Amino acid sequence: LVYASHDPAVLQKHVETVEDTRALRALLTARGLVAFVGDGAVLPRASGASDLPMDAKEVIKFAAPPSLSVSFDLPHRGKVTGMGIPTGITLIVGGGFH
């Protein structure tokens, strides 16, 4: 990887994202959580055979239920809010896959 052959702003954003990810993982552990889904996430896929997100015109963006809503302050992104999934047995169900 040669720094000069890449867009410095894109590389900086990547580094900041990695640092925020590491910080979030540490904060999850400290709060007894095992996962986090951010408010505004687009979870549905275009189809069961696709990794692409559903068309923005058709999707309802994710919003954490009040009982599981948590916020974290990250070094670069700042405050993020979403659903914190606690340690233990958790069952998450969704649409069919084919």
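Since we're looking at a predicted model, the values are computed, not measured. Numbers for residues simply follow the sequence, beginning at 1.
Through direct or relayed side-chain contacts under 4.5 Å between Ile, Leu, Val, Met, Phe, Trp and Tyr, Ile60 connects to no other residue. Through direct or relayed side-chain contacts under 4.5 Å between Ile, Leu, Val, Met, Phe, Trp and Tyr, Ile89 connects to no other residue.
For residues 38-59, there are no ring pair (Phe, Tyr, Trp, His ring centres under 6.0 Å) pairs, not counting sequence neighbours. Within the structure, side-chain hydrogen bond (donor to acceptor under 3.5 Å, both in side chains) pairs that include any residue of residues 13-24 comprise Gln12-Glu16, Glu19-His76 (at least two apart or interchain).
No more than 12 heavy atoms of other residues, nucleotides or ligands sit less than 6.0 Å from atom CG of Asp51.
When every heavy atom of Leu11 is checked against every heavy atom of His6, the shortest pair comes out as CD1-CB, 3.6 Å. Closest non-hydrogen pair, Val70 versus Gly84, comes out as CG2-N, 3.7 Å.
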Side-chain polar contacts of residues 26-42 - donor-acceptor pairs under 3.5 angstrom, sequence neighbours left out - could you list them?
from: Thr29; atom 1: OG1; to: Arg25; atom 2: O; distance (Å): 3.2
from: Arg31; atom 1: NH1; to: Ser71; atom 2: O; distance (Å): 3.2
from: Arg31; atom 1: NH2; to: Ser71; atom 2: O; distance (Å): 2.8
from: Asp39; atom 1: OD1; to: Ala64; atom 2: N; distance (Å): 2.8

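For Lys57, the side-chain contact (heavy atoms from CB on, under 4.5 Å) criterion is met by Asp55, not counting sequence neighbours.
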